[in-house]
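One structure below.
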Amino acid sequence: MSTTTRPSFASKTTFDSLVVDSGEDTEEEEEVQEPAPSLLPEPEAKPSKSALKKAARARKLQQQQEAKSKSSRSPSVDVEPPQSNTEQPEEVASPPLLEPPVANGVSHHAEVESPIPQLKVPPLPPVDTTPQPAAAAPPVESAPSPVESPPSPVLEPPSPVQQPLVPANNAPALAAEQTKKRQNMFTRTLWTFIMIGTFLGLLLLGHAYMILLVMLCQTLVYREVTALFPLTISEDGSRRRDKDPWSTTLNWYFFVVTNYFLYGESIIYYFKHVVFADVLLLSFATNHRIISFTLYTIGFVGFVMSLQKGFLKQQFGLFCWVHMSLLIIVLSSHFIIDNILEGLIWFWVPASLVICNDVFAYIWGITFGRTPLIALSPKKTVEGFMGAFWSTMIFGVLWGTYFMKFEYMTCPVHDLGVSAWSGMTCTPNPAFVWREWPLPGPLVLALSTLLGVNMTTISYAPYQLHLLCMSGFASLVAPFGGFFASGFKRAFNIKDFGDSIPGHGGMTDRMDCQFLMGVFIYVYHSSLIREHKVTVGAVLQTIVSGLTVEEQLKLMRDLRHYLSGQGISVPCA
């Protein structure tokens, strides 16, 4: 009896004859070009067109299934497909010793060379319609599907139970914020009335108290502005002051010297009749400027002697910063004090116009503001700016006309001891004298018909025309002093210049527009309104500084002789 021995391994021809299609009538797969070795088979062949269609159909079904499963809300995860059959040569090349018979021309080896893993498509739920779902179903069910994996807790949306907890947790913070806003509003309102009351009280007490108020304001502003330069931002975001032992001393030394020079000039100019009549003050008056220059030179030499290596850039920057602050702050304050000495109305009304413009700009901006005005102040609007302009023009004429009838407000100061109850009198400046403007004939007829009163003239004061100019400057130009200060604060990344006034920030935040307005009033008044006439102080200054003692005695004898000829008896001193 002859026995038929089965080969110990399958040849390539026998193996290829066993590989058939997956059950659909399609073209045959391409053969591998290189022959397989005798012991190890070659990698699997390229997928057929039927396998590609099957993979596309499976991918489409997977996308539809993912679109329908809205409750899972799990992110799409890239799934690593099973390794290619090239890593499993033993499973394919195992010798078919007990080869099962081929049923209907289909071999079970087709299950090993499934085309889906070759295209790196993840296995799907059992929705495949191929003729062999039974053999392919167990590995799909046994392997955990990444699509059906539980959603990540990080990306999971909050449950309905957790959503009401968000406002509940923020409720204390919101309540604290509202309480803080109410406290800030109360503090701001309280200190507004305190400042207004203090200002009015000092105004009634007299010119000397107003001068002290301006000096106090300029000192606080100078301290806040010069404190900006030495401040630097450390790496952790906190501010620290660089240690320079001479910076603070030199800052205030130059401040004192500048005030001595400027206020000395004002005292000599407005109180000549006192300064040049007193022997003790005469040396101060005649040598004031050389003394001021000597003091400044001492400060300059001290600055040069304090220069240190490693701090040169900061020290020279501080030197320039101090001089700019002196020019903008101290010199402007000097002009404001000169306005006070010319008459309180030249300080009180302009300051009121600036405050009025600020208030009306806020009101009109809140009500109608839509168009931004300037990038430095995002809250400023064109509507608020223009509304404040017309409101300030009307307010300025009415406000200034009311106060021009008080001589205490209009008279220049000759005695710092006067107050609102001193009964101060003087010859009024022509700007405060009422005049009559004759109306043209057609206008007289129109007004008489409209009002029923025969009006041929209109009373006016030149000061009212000056009020229009001052109101226009307070509305159109003075706000740019505030924009200038806003640029400063943005440059140093600060909200306020300081905390001198609770609820209002620093003094610089309140005086930024006042300095610019004060300089304008000084220039405007000295150029168009001030009367340049001979005064007793001016004559006395000329006599003391320009005549010798013998000439002064001769002038005294001649003046006494003149007065005697006029019938005026001159008592002997």
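These numbers come from a predicted model, not from an experiment. This chain uses plain numbering: 1 for the first residue, then up along the sequence.
A donor-acceptor pair under 3.5 Å is formed between the side chain of Ser422 and the backbone N or O of Ser419. Under a 3.5 Å cut-off, the side chain of Ser475 and the backbone N or O of Gly472 do not form any donor-acceptor pair. Remark: the backbone N or O of Val221 is not paired with any side-chain donor or acceptor of Glu224 at under 3.5 angstrom. Side-chain atoms of Gln552 come within 3.5 Å of backbone atoms of Ile543 as a donor-acceptor pair (strictly under, hydrogens ignored). A donor-acceptor contact shorter than 3.5 Å links the side chain of Glu383 to the backbone of Thr371.
Between Phe483 and Phe480, the gap from one ring centroid to the other is short of 6.0 Å.
Looking at Gln514, Met517, His525 one by one, the single match for side-chain contact (heavy atoms from CB on, under 4.5 Å) with Pro350 turns out to be Met517. Put simply, the residue from Tyr524, Phe520, Phe473 that forms a ring pair (Phe, Tyr, Trp, His ring centres under 6.0 Å) with His466 is Tyr524.
The two residues Phe497 and Lys489 make their nearest non-hydrogen contact at CE1-CG, 3.5 Å. Contact detail for Asn339 and Gly518: the closest heavy-atom pair is ND2-O, 3.1 Å. Closest heavy-atom contact between Ala478 and Cys513: O-SG, 3.3 Å. Contact between Ala388 and Thr392 at its shortest, heavy atoms only, is O-OG1, 2.6 Å. The shortest non-hydrogen separation linking Thr456 to Val444 is CA-CG2, 4.0 Å. Residues Gly396 and Leu353 share a closest heavy-atom pair of CA-CD2, 3.4 Å.
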Verify side chain to side chain contact (heavy atoms under 4.5 Å, CB included) between Arg182 and Gln178, making sure each step is shown before the conclusion.
CA-CA 6 Å; Arg182 288 194 296 267; Gln178 293 295 333; 3.8 Å; yes
Item checked: Check against side chain to side chain contact (heavy atoms under 4.5 Å, CB included), Phe484 and Leu376 -> CA-CA 8 Å; Phe484 181 81; Leu376 290 175; over 6 Å; no
Is there a side chain to side chain contact (heavy atoms under 4.5 Å, CB included) between Leu341 and Leu416 once you walk through the steps? CA-CA 9 Å; Leu341 297 177; Leu416 291 177; 4.3 Å; yes
- request: Apply the test side chain to side chain contact (heavy atoms under 4.5 Å, CB included) to residues Gln464 and Leu468: give CA-CA distance (whole Å), side-chain angles for both, the deciding distance (0.1 Å), then the verdict.
  value: CA-CA 7 Å; Gln464 293 175 325; Leu468 294 176; over 6 Å; no
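Looking at heavy atoms from C-beta onward, Tyr408 lies out of side-chain contact with Trp421 at the 4.5 angstrom threshold. At a threshold of 4.5 Å between non-hydrogen side-chain atoms, the residues Trp346 and Asp338 do not count as touching. Pro479 is listed as a side-chain neighbour of Asn357, based on a closest heavy-atom distance under 4.5 Å. In this structure, Phe186 and Gln183 have side chains that are not in contact, with every pair of non-hydrogen atoms separated by 4.5 Å or more. A heavy-atom distance below 4.5 Å is found between the side chains of Leu476 and Phe385. Here the side chains of Ile291 and Tyr260 are in contact, with some heavy-atom distance below 4.5 Å. Residues Leu262 and Ile337 form no side-chain contact, since every pair of their non-hydrogen atoms from C-beta on lies 4.5 Å or further apart. Considering only heavy atoms from C-beta on, Phe347 stays 4.5 Å or farther from Ile521 through its side chain.
Environment of CH2 in Trp390: sparse, with no more than 12 heavy atoms of neighbouring residues, nucleotides or ligands closer than 6.0 Å. Within 6.0 Å of NZ on Lys380 lie no more than 12 heavy atoms contributed by other residues, nucleotides or ligands. No more than 12 heavy atoms of other residues, nucleotides or ligands lie within 6.0 Å of CZ in Phe300, so this atom counts as exposed by the packing criterion. Atom CH2 of Trp364 sits in a sparse spot, with 12 or fewer heavy atoms from other residues, nucleotides or ligands closer than 6.0 Å. Taking a 6.0 Å sphere around OH of Tyr460, one finds it holds more than 12 heavy atoms contributed by other residues, nucleotides or ligands. The number of heavy-atom neighbours closer than 6.0 Å to CE of Met324, taken from other residues, nucleotides and ligands shown, is above 12.
The distance from the CZ atom of Phe360 to the CD1 atom of Ile355 is 12.5 Å, given to the nearest 0.5 Å. Expressed to the nearest 0.5 Å, how far CD1 of Ile345 lies from CZ of Phe406 amounts to 10.0 Å. Annotation: the span from Leu331 atom CG to Phe335 atom CZ amounts to 4.0 Å, rounded to 0.5 Å. Interatomic distance, NE2 of His334 versus CG of Leu326, reported as 13.5 Å (0.5 Å rounding). Within the model, atoms OG1 of Thr381 and CD1 of Ile374 stand 12.5 Å from one another, a figure rounded to the nearest 0.5 Å. Summarising the geometry, atom CE belonging to Met455 is positioned 10.5 Å from atom CG belonging to Leu450; distances are rounded to the nearest 0.5 Å.
Under a 4.0 Å N-O distance rule, the pair Glu342/Arg530 qualifies as a salt bridge.
Ring-plane geometry between Phe254 and His323 is classed as tilted, the angle between the planes lying from 30 to 60 degrees on a 0 to 90 degree scale. Aromatic ring orientation, Trp399 versus Phe395: parallel (interplanar angle below 30°, classes split at 30° and 60°). Tyr222 and Trp252 have perpendicular rings, their planes meeting at more than 60° on a 0 to 90° scale where under 30° would count as parallel.
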What donor-acceptor contacts under 3.5 angstrom involve side-chain atoms of residues 195-220, with partners at least two apart or in another chain?
unit_1, atom_1, unit_2, atom_2, d
Thr198, OG1, Ile194, O, 2.8
Gln218, OE1, Ser333, OG, 3.2
Gln218, NE2, Asn259, OD1, 2.5
Gln218, NE2, Tyr263, OH, 3.3
Thr219, OG1, Met215, O, 2.7

